[in-house]
Amino acid sequence: MDRRNFLRAAVGVAASNALCGFSPLRAMQIARKRKVVVVTFGGGARDEETFAPEGQENIPHMLNELIPQGTFYTQVINQGILGHYVATASLATGAYETLNNFASTPPQNPTVFEYFRRDLHRPQEDAWVIAPSNGFNRIGGSDRREYGPRFGAEVLLPKQLLASAMSQGSHIDYEHLLRDNYETPLFTPQTGGGEVNLHRTAEILKLSVSDFMRNARTLSSPDELSVFMARQLMTQVAPSLLWITLHDIDIAHSGAFSLYIDGIQRSDRLCAEIWHAIETNPEYKGCTTMFILPDFGRDSDTNPAGNGFQHHRTGDALSRTTWLLALGPGVRQNAVVDRPVDSLDLVPTLGSMMGFSPNFAKGKALHEVL
Amino acid sequence: MQPSDLKDASFSRYPPQARVLATKEMLLLRELPLALAPILLRELIFYDWKMPAERAELNKQFLYLTALTPGERTNVLKPFRTLSLSNELTTMDWVNDPAGFMERLTAWLWSTHQMERFRSIADAYSSAVSAKSPEDLPSSPRLGVVIVGAGTRQSKHPLFQKLRPLGVHLTAVHPAEGVAILLERASKRAALAPTSDSSFRHWYIDGGIPEAIPHLTQISYAQLQQSRALLLNRIQGAISSGGMGPEQLRTLLARMKPDEVGLNSAGSNEILNHFQLTLLTEGAGTQIFSTTFAQWAARECLRRAHPETLVVRYAPRQQAQTMNMMLSGASPAGLDPEGSLIDADMGAYYTWINMRRLSGADGLRFLVWFEGQREALAIGPGLAHGTSSDSPLNMHQVLALLDV
Ligand SMILES: [Zn+2]
């Protein structure tokens with residue numbers, strides 16, 4: 001079965017009794033207080049382990065709860081560099097970035113956060129990024145003239161906070177939440193300023209350091225920590241633009257297939273939890289569009305230059321092709337879009353949806369969800 | 001520097017055999033475009049520690065290029081000259097750091113949108129080389145055996161899903177003496193092989209503590225314990241001393257010698273020790289997970305040595321902890337036999353794929369067995385695809401079924 005067909009089959013089965021929820025009138029009403037939550041998976045997952053028949057058991061929440069409520073793009077092509085930081089930066093700018101994946105540099109083009117805040121005159125606390133590793137600490141804003149850090153998003157690095165909180169006490173209970181940077185598992189970049197950030201963030205989130213630590217202890221992975229922080233942020237600050245990058249799946253680089261599968265199952269569950277948080281929070285319910293997309297795929301089993309699921313080094317079609325799910329008010333439910341779209345189309349879509357002009361973005365808005 | 005500037009002295013830092021070969025092929029090397037020369041040198045620089053099959057491949061490539069008429073050679077090489085390269089690539093020391101050149105070339109090609117074109121040029125070139133000099137058939141049909149699942153008795157998921165359509169699913173294998181029978185048969189194949197052809201042709205890779213068995217080239221996760229610890233120590237030291245980015249780390253690892261991780265750099269095991277070192281320095285996860293080690297070692301063995309016999313036996317890996325803990329050599333929190341079975345099941349599939357890439361693929365015999373249990377899967381000429389059999393078989397009979 002080809003890619004489209006099995007995705008269609010997967011969605012068809014799941015969506016058999018979903019309703020058509022599209023309503024232009026309702027869409028107009030919500031435009032003003034519209035919020036957007038973007039969830040990306042760093043360390044993309046392949047179709048075989050997700051939407052293909054043999055992979056569907058790994059994503060019950062996506063298949064049974066989320067996809068029936070949304071519009072699903074079966075072919076999203078990433079034509080950029082396949083490193084997580086540079087690819088996530090490209091998703092956020094709508095232009096293929098060519099920055100060094102492992103360097104602490106800002107994106108070269110303005111980010112969606114800058115367009116959003118500058119054009120709509122929004123304060124800093126209205127745009128947030130929750131990023132998986134220290135390597136993402138510059139993703140909130142570019143250096144572009146007329147845009148730049150003063151219009152950037154607040155960047156929350158839960159692991160950095162945890163590490164700085166840990167420096168004040170016992171380590172052992174939290175080590176499991178500090179997995180970092182699987183792409184070069186032998187290298188962990190350092191960022192300064194953790195101490196200051198910790199207390200400022202704790203204040204914004206109305207969370208004492210000890211609360212934070214107590215909650216962290218009950219979580220089993222870095223992504224759970226990120227989602228915990230996202231929920232806290234939604235309750236206390238309710239930003240209109242929230243970008244969450246999950247990263248557990250990228251454990252695949254260690255070569256352990258079972259751990260990669262665990263990561264997919266966890267991401268699937270966490271996506272449903274984020275949607276649940278949206279649906280149960282009055283600030284978000286009924287006015288929030290959520291986008292879920294992997295940053296890219298992983299190598300195919302048969303490309304001799306790669307080692308299957310382990311890496312994303314070959315640049316083959318499978319490692320460049322992924323999917324996108326959009327759900328929320330005004331987005332057609334139970335719909336499948338087969339035409340190939342580009343990873344860069346996300347930012348122009350958000351621009352049309354929220355009313356800002358992403359002048360340097362290269363993609364085209366996804367008209368099916370507008 | 002351009003390849004046309006190459007001199008004998010350019011290779012003064014190469015190991016002895018590589019230097020001799022470079023001198024011998026100097027005229028040809030000078031003719032190569034800059035986008036191709038370092039790719040060849042990346043192989044040549046390690047010539048002294050290459051497997052016989054790899055040396056044969058490199059020699060064939062030189063032979064192919066020298067056999068062309070000057071006009072033909074110009075045509076074959078011309079596409080590489082159409083790529084535009086950066087100044088940095090021209091000026092860097094690509095003779096002594098061809099791998100670093102490759103890394104920067106890759107980044108350059110991506111950022112200048114030349115990657116697709118480079119790929120098709122490189123593909124056309126390597127197809128031309130292999131069409132002119134196909135690999136010899138093995139002296140006997142290749143045999144691959146993968147033993148999975150030690151430490152657990154039940155699988156939560158159906159096993160061998162990806163391989164089942166290709167062979168016979170055996171559900172009543174008598175497990176007694178299974179490992180010993182399989183290893184003895186592999187050993188016997190090695191002992192019977194013509195001596196001129198026996199080096200690195202018959203392998204046994206163990207993800208745990210290996211069984212003692214003669215005639216096979218043997219490596220194991222357990223026997224590399226000290227090397228793994230020394231390597232991780234070295235890396236930790238380098239990282240904590242600061243200023244160590246991924247590129248510097250790669251260079252550090254690429255320059256390591258086997259004796260730095262407690263393996264002899266010279267002597268009769270020189271080639272094997274270099275092979276083992278690269279498993280640890282080039283393979284992601286091989287330092288911390290025995291299942292990853294077994295899979296990657298099998299892949300590299302197949303890619304580099306083109307073995308006729310390969311037995312891979314998996315052992316339970318440690319439970320996942322944080323990368324930082326595992327990489328600092330923290331003692332395992334425990335073993336994860338169920339997860340390891342899932343890892344090994346996928347690893348067996350990858351071993352089959354990699355084995356199919358070698359010559360004589362139609363005659364390939366392949367067996368994957370759930371160690372100590374009754375379940376196995378056999379693939380070979382004459383065995384029906386996508387079938388299953390509940391006939392009771394001991395391991396000798398399983399091998400007979402495969403006509404081994
Ligand atoms: Zn990755």
Side-chain angles (χ1 to χ4, degrees), chain A residues 48-49 54 57 79-83 86 96-103 159 163 171-172 174-190 221-222 251-263 300-311 313-316, chain B residues 106-107 110-113 115-116 119 157 161-162 231-232 235-236 238-239 242 244-250 253 283-289 291-296 299 303 317 320-327 330 333 336 338-347 349-350 353-354 356-357:
Chain A
E48 280 115 304
E49 286 85 39
E54 67 269 31
E57 62 178 356
Q79 307 189 53
I81 301 173
L82 303 185
V86 60
Y96 286 119
E97 299 286 320
T98 53
L99 48 88
N100 180 344
N101 190 53
F102 298 111
K159 274 184 260 191
H171 282 208
I172 278 317
Y174 307 100
E175 281 285 356
H176 63 289
L177 300 179
L178 288 173
R179 290 179 200 147
D180 210 33
N181 202 343
Y182 302 112
E183 222 164 342
T184 53
L186 302 176
F187 171 63
T188 311
Q190 303 290 330
S221 86
I251 186 77
H253 286 296
S254 74
F257 187 69
S258 55
L259 298 179
Y260 162 59
I261 296 294
D262 289 348
S300 72
D301 290 336
T302 52
N303 188 316
N307 191 38
F309 73 91
Q310 189 177 12
H311 301 297
R313 290 177 175 165
T314 66
D316 64 11
Chain B
T106 308
W110 276 123
S111 65
T112 53
H113 308 284
M115 191 44 120
E116 282 310 309
R119 279 226 173 88
H157 303 272
Q161 292 273 57
K162 293 194 187 267
L231 180 76
L232 292 178
I235 291 166
Q236 290 299 322
I239 291 175
M244 180 68 63
E247 195 171 335
Q248 290 93 325
L249 188 59
R250 182 195 58 72
L253 292 172
T286 55
Q287 312 84 358
I288 52 171
F289 288 143
T291 49
T292 303
F293 175 85
Q295 189 271 324
W296 183 256
R299 177 207 197 259
R303 182 178 72 84
R317 63 161 164 78
Q321 306 182 70
T322 71
M323 276 300 156
N324 290 344
M325 281 179 85
M326 292 190 286
L327 291 171
D336 180 4
E338 285 76 25
S340 303
L341 176 56
I342 295 172
D343 298 351
D345 192 13
M346 192 63 165
Y349 176 54
Y350 283 2
I353 289 174
N354 289 319
R356 288 277 308 173
R357 295 203 168 102

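Note that the structure is a prediction, hence the values are computed from the model and not measured. Here is how names work: the chains are called A, B, and so on, in the same order as the sequence lines, proteins then strands, and each is numbered from 1.
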**Q** Looking at every non-hydrogen atom in both residues, tell me the closest pair between A:Ser258 and B:Gly339 and how far apart they are.
**A** OG-O, 3.1 Å

**Q** Hey, could you give me the OH/NE2 distance between A:Tyr96 and B:His113, rounded to the nearest 0.5 Å?
**A** 10.0 Å

**Q** What are the two closest non-hydrogen atoms of A:Thr302 and B:Arg357, and how far apart are they?
**A** O-NH2, 2.6 Å

**Q** A:His311 and B:Ala284: which non-hydrogen atoms are nearest, and at how many Å?
**A** CE1-CB, 3.6 Å

**Q** Go through the atoms of B:Phe293 and report whether side chain, backbone, both or neither lie under 4.5 Å from a heavy atom of chain A.
**A** neither

**Q** Does B:Asp345 have any side-chain hydrogen bond (donor to acceptor under 3.5 Å, both in side chains) partners at least two apart in sequence or in another chain, and if so, which?
**A** none

**Q** With respect to chain A, which residue among B:Arg119, B:Glu338, B:Arg356 yields the maximal number of heavy-atom pairs within a distance under 4.5 Å?
**A** B:Arg119

**Q** Please rank B:Leu341, B:Thr292, B:Ile353 by heavy-atom pairs under 4.5 Å with chain A and give me the top one.
**A** B:Thr292

**Q** Side-chain contact test, heavy atoms from C-beta onward, threshold under 4.5 Å: evaluate it for A:Leu259 versus B:Arg317 and give yes or no.
**A** yes

**Q** Rounded to the nearest 0.5 Å, what's the gap from CZ on A:Phe257 to OH on B:Tyr350? Could you check?
**A** 6.5 Å

**Q** Given a strict heavy-atom distance threshold of 4.5 Å, which part of A:Phe309 is in contact with chain B: side chain, backbone, both, or neither?
**A** both

**Q** Donor-acceptor pair, A:Gln310 side chain versus B:Gly285 backbone, under 3.5 Å?
**A** no

**Q** Between CD of A:Gln79 and CD of B:Glu116, what distance do you get to the nearest 0.5 Å?
**A** 9.0 Å

**Q** What are the two closest heavy atoms between B:Phe289 and A:Ser254, and how far apart are they?
**A** CE1-OG, 3.3 Å

